[in-house]
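Along the sequence shown, residues carry numbers from 1.
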Amino acid sequence: MIKLDESWLKPLQAEFDAPYMQALRAFLLAEREAGKAIYPKGSEWFAALDLTPLDKVRVVILGQDPYHGEGQAHGLCFSVRHGVRPPPSLINIYKEMQADLGVPPAAHGHLQSWAEQGVLLLNAVLTVEAGRAASHQGKGWEQFTDAIIRLLNAQSRPLVFILWGSYAQKKAAFVDRTRHLVLTSAHPSPLSAHNGFFGSRPFSKANAFLKAHGEAEINWALPSK
């Protein structure tokens, strides 16, 4: 059963009704009927939108694809379930958060508390076949998430967009930087983190911007469980 906060339904209705979304549904159904495992489970495909209503979004973090390992993906970019070892990129995010804010790394990788505070943890592609990274790229999800970013860009209140790596930066290149804060750096992957991610201080910069515009700061420290 699909779960999606109602605040997104009306502004995205045209996307849900569009031919590309019908084709995407047909593709996903065919994959399931072929016996392929798809991550995350269906009820979590729109978890980022369900946990962070449109009118509550204050910060947007863009990822690319869900994790393709068993038990990892649950609908929030960079996040994994409790009991799953944090992946290398997330470990580097924690390292930068500690250097930036003095927040010690969490013992888990579950980022739901960020989402509940208004951090939209949005992947560009919302599903993946088990064990096959990027297997659902080019099937329609990118068009849908482009529409989400356009919708956010059109919001009257200023938002923070955190774009790690060239993929996220290209996807959100049209965001109006005269109204919104766009923070860019290298991706936190171990392959690129030392090329500009470490030392970029996205967490304190985001909070400073929110505070300057009369918004509450994000508590980036994660609860123990």
Side-chain angles (χ1 to χ4, degrees), residues 48 52 57-69 72-125 128 133-134 137 145 149 152 158-175 177 180-213 215-225:
T52 312
V57 176
R58 294 185 287 151
V59 178
V60 182
I61 297 179
L62 284 183
Q64 191 165 352
D65 291 276
Y67 297 120
H68 59 273
Q72 290 182 305
H74 64 108
L76 305 179
C77 71
F78 294 103
S79 181
V80 291
R81 300 178 184 280
H82 282 291
V84 176
R85 183 177 180 180
S89 290
L90 185 53
I91 289 174
N92 284 339
I93 290 170
Y94 287 171
K95 288 179 179 178
E96 177 59 21
M97 189 164 61
Q98 184 170 27
D100 187 10
L101 301 176
V103 174
H108 61 84
H110 199 261
L111 305 181
Q112 183 170 326
S113 72
W114 291 1
E116 292 171 344
Q117 294 179 73
V119 181
L120 183 66
L121 297 167
L122 181 68
N123 274 318
V125 176
V128 70
Q137 288 186 8
T145 51
I149 298 170
L152 293 166
L159 307 178
V160 180
F161 289 80
I162 299 178
L163 309 177
W164 291 325
S166 60
Y167 183 93
Q169 290 161 27
K170 290 175 183 176
K171 186 172 180 66
F174 61 85
V175 170
R177 296 176 183 233
H180 306 298
L181 176 64
V182 179
L183 299 174
T184 63
S185 76
H187 194 276
S189 162
L191 298 175
S192 56
H194 289 281
N195 294 327
F197 173 73
F198 290 133
S200 60
R201 303 185 63 202
F203 309 101
S204 62
K205 290 177 181 177
N207 276 352
F209 181 83
L210 292 172
K211 185 176 181 180
H213 289 84
E215 294 278 352
E217 297 177 327
I218 302 298
N219 178 11
W220 297 101
L222 295 164
S224 58
K225 194 165 184 179

Can you tell me how far apart [atom1] ([X]) and [atom2] ([Y]) are? Round to the nearest 0.5 Å.
X	Y	atom1	atom2	answer
Leu210	Glu215	CG	CD	6.5 Å
Ile218	Lys211	CD1	NZ	14.0 Å
Leu76	Arg81	CG	CZ	10.0 Å
Asn123	Cys77	CG	SG	5.0 Å
Ser189	Leu90	OG	CG	12.5 Å

At their closest point, which heavy atom of [X] faces which heavy atom of [Y], and how far apart are they?
X	Y	value
Pro66	Ala73	CB-CB, 3.9 Å
Asp100	Ser204	OD1-OG, 2.6 Å
Trp114	Trp220	NE1-O, 2.9 Å
Tyr67	Val128	O-CG1, 3.6 Å
Thr52	Ala115	OG1-O, 2.8 Å
Pro188	Ala193	O-CB, 3.7 Å

[X]: which residues meet the side chain to side chain contact (heavy atoms under 4.5 Å, CB included) condition with it, sequence neighbours left out?
X	value
Ala216	Arg58
His108	His82, Ala106, His110, Leu222
Lys205	Leu183, Arg201
Ala172	Leu62, Ile149, Leu163, Val175

**Contacts of type side-chain hydrogen bond (donor to acceptor under 3.5 Å, both in side chains), residue Gln169, not counting sequence neighbours** =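 Counting only residues at least two positions away or on another chain, Gln169 forms no side-chain hydrogen bond (donor to acceptor under 3.5 Å, both in side chains).
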
**Prompt:** How would you list, by chain and number, every residue that makes a side-chain hydrogen bond (donor to acceptor under 3.5 Å, both in side chains) with Ser192, sequence neighbours excluded?
**Reply:** none

**Prompt:** Taking the side chain from Asn195 and the backbone from Ala186, do they hold a donor-acceptor pair closer than 3.5 Å?
**Reply:**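 Not confirmed, Asn195 side chain does not pair with Ala186 backbone.
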
**Asked** If only atom types and distance count, is the side chain of Gln137 paired as donor or acceptor with the main-chain N or O of Ala134 below 3.5 Å?
**Response** no

**Request:** Could you list the residues that satisfy ring-ring contact (aromatic ring centres under 6.0 Å, His included) with Phe174, not counting sequence neighbours?
**Result:**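 Phe174 satisfies ring-ring contact (aromatic ring centres under 6.0 Å, His included) with no residue once adjacent residues are dropped.
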
**Under the ring-ring contact (aromatic ring centres under 6.0 Å, His included) test, residues paired with Phe161 that sit two or more places apart** =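 For Phe161, the residues satisfying ring-ring contact (aromatic ring centres under 6.0 Å, His included) (neighbours in sequence not counted) are His180.
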
**Request:** Could I get the full list of salt bridge (charged side-chain N to carboxylate O under 4.0 Å, His left out) partners for Asp65, not counting sequence neighbours?
**Result:** none

**For Arg85, all residues meeting salt bridge (charged side-chain N to carboxylate O under 4.0 Å, His left out), sequence neighbours excluded** =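 Partners of Arg85 under the salt bridge (charged side-chain N to carboxylate O under 4.0 Å, His left out) test: none.
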
Could you check if a side-chain atom of [X] sits within less than 4.5 angstrom of a side-chain atom of [Y], using non-hydrogen atoms only?
X	Y	result
Leu122	Thr145	yes
Gln64	Lys171	no
Val59	Leu120	no
Ile162	Val60	no

**Request:** Scan residues 86-98 for pairs that pass side-chain hydrogen bond (donor to acceptor under 3.5 Å, both in side chains), counting only residues two or more places apart or in two chains.
**Result:**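 Sorted result for residues 86-98: empty, none.
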
**Request:** Go through the steps to decide whether Phe78 and His187 satisfy the test ring pair (Phe, Tyr, Trp, His ring centres under 6.0 Å), and finish with yes or no.
**Result:** CA-CA 11 Å; Phe78 294 103; His187 194 276; 5.7 Å; yes

**Asked** Please walk me through it: do Phe197 and Ile93 pass side-chain contact (heavy atoms from CB on, under 4.5 Å)?
**Response** CA-CA 9 Å; Phe197 173 73; Ile93 290 170; 4.0 Å; yes

